[in-house]
Amino acid sequence: MDVEQFRKAGYQAIDRICDYYYSLQNKLVVARVQLGYLKALVPSTPPESGEDFQIIADDYQRLIVPGLTHWQHPSFFAYFPTSCTFEGILGDLYSSSVSNPGFNWACSPACSELEVVVMDWAAKLLGLAPKFMNDSGVGGGVIQSTASECAMLAIVAARASHQRIYPDTKLEEFIIYITSQTHSLGIKAGMVLWLSVRILEVKAEDNYSLRGDTLRSALEQDKKASKKPLILIATVGTTSSGAIDNLHEIKGVVEDHPYLRVHVDAAWGGVAFSCPEFQKLGYLDEINEFADSFCTSFHKWGLVNLDATALWVRDRKYLTEALNTTPPYLRTKQGDADTTIDYRNWHFAVGRRFRSSKLWFVLRSFGVQGFQQHIRKSIRLNNLFVDLVKQSDIIKIVTPPSLSLTVFRLEPPSQQWQDLQSLNALNTMLFGRISARDDIYLTQTILSGKVCIRFVVGAERTKESHIRRAFDTILKEAVLALEEWKRPSAYSVL
Ligand SMILES: *Cc1c(COP(=O)(O)O)cnc(C)c1O
């Protein structure tokens, strides 16, 4: 493809993307293709000689688009949203067009410098303390691909700092602390890093928030057993129910156990700190006072397309002392003089995508106010959903709604529905009915053994009408589930 052919194909691609967004509302949310559908449609070997680009572009429309679930659809309420914007797409396109690996300053100065700047912008947007900013020269911010990677980095950094302080400690003595509500990244990090993981209990009556006393008694027990708790992965906005660990109490405990590092995973909820009214709820003051690291994914609720997880550390040496390796071919004058950030020492790989451009485009286009509006709109729409649920006498909220997430279940008032097992079977049936639809998408969870359904607002195009329609659909399916239950065959699910 030469430059003029690229120009033509590029214009066509943008036209097709615009058509996609114009028709998005009218599409089904969920892809209805059979498992393995694509294998039957594409050859099993790459073409021997190059194909005509137009045929490839048409095949994308014909073969791939029908197999996509539309995460930007206004009726997408599953998992957590990935609210991308045109500004972010264009920022990414520019970055893609130069394919710079930006691992140190000299290899492409703008890549490092823009990341240094926008990570400080993002820190200011969220109200993080100056010590987390690149400008401080002590802490700093870096863009990673995922929240899992951030947690893994925090654990590796904690392990390295412990090994420096206690060089005789054996690997099997170290422990990672998580809670039963921590994202599966905690367990996975333990598997990958060969470290044991202690799962701290959280209770329904605390809305699944980790309390200080639970942490304190675990620390005391492990101390007696000569174990070395390395790090606590605390969460602001758990995946299952949006629970927020009690960082106020945790701070009090950590003051007595200063060797314990704390990483705050706010992958989904963290961007809500852009609105001052949600900062207290998520313990921003405490995070600023004592967290060693904090991460939030702008690619979830933060208007930036995948992938863009922001990680801030209180002390950049925390990362660099664990990850710095400088072979001769990576040495630079600026790196040797320590006058610049070499981001390759802030993550696992060497090369890295130039992701700051899309963050820059989004933050400039929306401004702080536009960003806040998006967050507030999602929360307002979720509150509308909550109001509708409260008016129903068969659907109940399970745990208090968190930001733009509500966990609910079908709980008919009659005596018949008192036992957990039949209510679970009923809700499994309801979820099955909702999942069989392709005009709406929700996911499920289990809280204290209860089968529940999650509803999360966040797609940029979701409006009040989509929330009302979603609630009507859920209610209709709930009534149908109850009718289906009355039919004798339904009991076989028990
Ligand atoms: C989504 C989510 C994750 C997982 O994120 P990845 O970026 O896909 O690793 C981790 N923690 C929380 C709280 C999340 O919401």
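In listed order, ligands and their atoms are each counted from 1.
In this structure, S240 contributes its side chain and Q181 its backbone to no donor-acceptor pair below 3.5 Å. Listed for the T296 side chain is a donor-acceptor partner under 3.5 Å among the backbone atoms of A266.
Looking at atom 9 (O) of ligand 1, its nearest protein heavy atom turns out to be S148 OG, 2.5 Å.
The side-chain tip of R376 does not point at the ring of F278 from less than 6.0 angstrom away and within 45° of straight on.
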Problem set entry | Full working for ring pair (Phe, Tyr, Trp, His ring centres under 6.0 Å) between F77 and H466 | CA-CA 10 Å; F77 304 110; H466 302 108; 8.0 Å; no
Exercise. Does the pair T214 and L210 meet the rule for a side-chain contact (heavy atoms from CB on, under 4.5 Å), with working shown?
Worked result: CA-CA 7 Å; T214 310; L210 174 64; 4.0 Å; yes
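Below 3.5 Å of separation, one finds an N or O of D265 facing an N or O of ligand 1. In terms of N/O distances under 3.5 Å, ligand 1 is not approached by G237.
Listed by number with element, the atoms of ligand 1 under 4.0 Å from a non-hydrogen atom of T239 are 12 (C), 13 (C), 14 (C), 15 (O). Near A147, the atoms of ligand 1 lying under 4.0 angstrom from a non-hydrogen atom of the residue are 5 (O), 6 (P), 7 (O), 9 (O), 10 (C). The distance from ligand 1 to the heavy atoms of L185 drops below 4.0 Å at these ligand atoms: 10 (C), 11 (N). Of all atoms in ligand 1, listed by their number and element, those nearer than 4.0 Å to a heavy atom of F80 are 15 (O).
Relative to atom 10 (C) of ligand 1, the option among Q144, M152, H183 with the closest non-hydrogen atom is H183.
In this structure, K300 has a heavy atom closer than 4.0 Å to ligand 1.
Looking at K396 and E411, no side-chain N of the basic residue comes within less than 4.0 Å of a carboxylate O on the acidic one, giving no salt bridge.
With no hydrogens or angles considered, no side-chain donor-acceptor pair links T182 and Y177 at under 3.5 Å.
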